[in-house]
Amino acid sequence: MENFKHLETIAVQAGYEPQNGQPRVAPIVQSTTYAYDDAQAMADLFDLKASGHFYTRLSNPTVEVLEKKMAALEGGIGAMGTSSGQSATTALVLTLCNSGDHIVSTSTIYGGTTNLLGHSFEKLGIQTTFVDQTASEEEIFAAVRPNTKLIFGEALSNPSVKVLDFEKFARVARRAGVPFAVDNTFPTPFLCRPFDFGANMIVHSTSKYSDGHACALGGMLIDKGDFDFAASDKFPAFNTPDESYHGLVYTKTFGKFAFLAKARSHVMRDFGMMMSPQNAWLTNMNLETLGLRMERHSYNAKLLAEHLSQHPKVEWVNYPSLANSPDRELAKKYLKACSGVMTFGPKGGRAAAEKLMNSLKLAKIVTHVADTRTCVLHPASTTHRQLSDSEQIATGILPELIRISCGIEHIDDIIADFDQALAAL
Ligand SMILES: *Cc1c(COP(=O)(O)O)cnc(C)c1O
């Protein structure tokens, strides 16, 4: 396969190259299993001595096309597709951590990830310390313990659209001697390349912009291959025999592919959170236009944010490119553009927010974000409604906060919809 330089070309061409007479579009291989003539060939696959597909829980040709494309887009050495963004983060943690281990994560992350790390893994004996991502390097490093195995953050956070200071967290991870992993769901590789700023691994919810049409759930775990597990004394599972593989040692057999080999042959084998071929096919197709879509999402969102911030019935707008955003400098440094999501508060508190949401016509109320259609959500009455008013404010969810995911419709139609809803207040 050619090594293309530009993301626009990779998004269209990478991952699949038809041979003479084969289908132009990578086909959906909707098969659980693969046939072999020779018993030894199958045995070698099971022993990880040969590569090839044998069961779709472990790998599938359609999922593999998407994995190759996502790895190429991020500049990684390989990737593993998963059933959802949640399972990509789960696979990341389970590949690196055992019960008794510890993670340092920023507190400004997706709510589902906060629950996963702070509650579900906590119950399994893997603890997370959440740090303020605006704290100093020393303050963040103070959270590191001898049993810390991962530093984690979100490139552009959902829903608060805060920009991660990659280089600060990469320095903390290097001092701690552990991998630094980033959730790059919101910027996508078109707007941010975390591997260029010190990340070792990337996770994605491909359910968001990668699919981008709100039609397929999925996740992706991508490795840069530059964390030296063989030289570290913190990861014995990579450097000592795996009894469930006849004593195979991951770093010896797979070199820089040790992380992805363990993720697939251990975590995916045992937990089975694979991506379906159908969802991989849809996501792979939709990735072809990712660059065009991210440009338009970002362009529309910037104009809408500027329009709302000057509107007399709007109290505040939070979008990283705005002149008054505390993240403006970080956004300039790390992002090509600021993607399609923003939050804002109409004047008049929660009642005004609810009335405004009910008056919108083009923008529908949905839990999802990051697809072609403009949509809104009022977290205080939906995703965060179980929390008390004071708990909501503590997590940054003001009663009037509305999250907008700006679509790729014509910006004049989007603005007109918000204007007519604001006029009704
Ligand atoms: C949605 C989301 C996830 C979870 O992804 P699912 O595909 O819904 O499981 C993780 N991280 C971020 C930033 C998200 O927006």
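Positions are given from 1, in the same order as the sequence printed here. All ligand and atom numbering here is 1-based and tracks the order in the structure.
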Which donor-acceptor pairs under 3.5 Å do the side chains of residues 110-119 make with protein atoms, sequence neighbours left out?
{"residue": "Thr114", "atom": "OG1", "partner": "Tyr110", "partner atom": "O", "Å": "3.2"}

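Residue-environment remark: NZ (Lys168) exceeds the threshold of 12 foreign heavy atoms within 6.0 Å.
Lys68 has no carboxylate O lying under 4.0 Å from a charged side-chain N of Glu17, or vice versa, which leaves the two without a salt bridge. Ion pairing between a basic and an acidic side chain is recognised when a charged N comes within 4.0 Å of a carboxylate O; Lys333 and Glu329 show no such pairing. Note on Lys361 versus Asp417: no salt bridge recorded, every NZ/NE/NH1/NH2 to OD/OE distance being 4.0 Å or above. Under the 4.0 Å criterion applied to side-chain N and carboxylate O atoms, Glu138 and Arg175 are assigned as salt-bridge partners.
The 4.0 Å heavy-atom shell around ligand 1 contains residues Ser84, Gly85, Gln86, Tyr110, Glu154, Asn158, Asp183, Thr185, Phe186, Ser205, Ser207, Lys208, Leu217, Gly218, ordered by chain and number.
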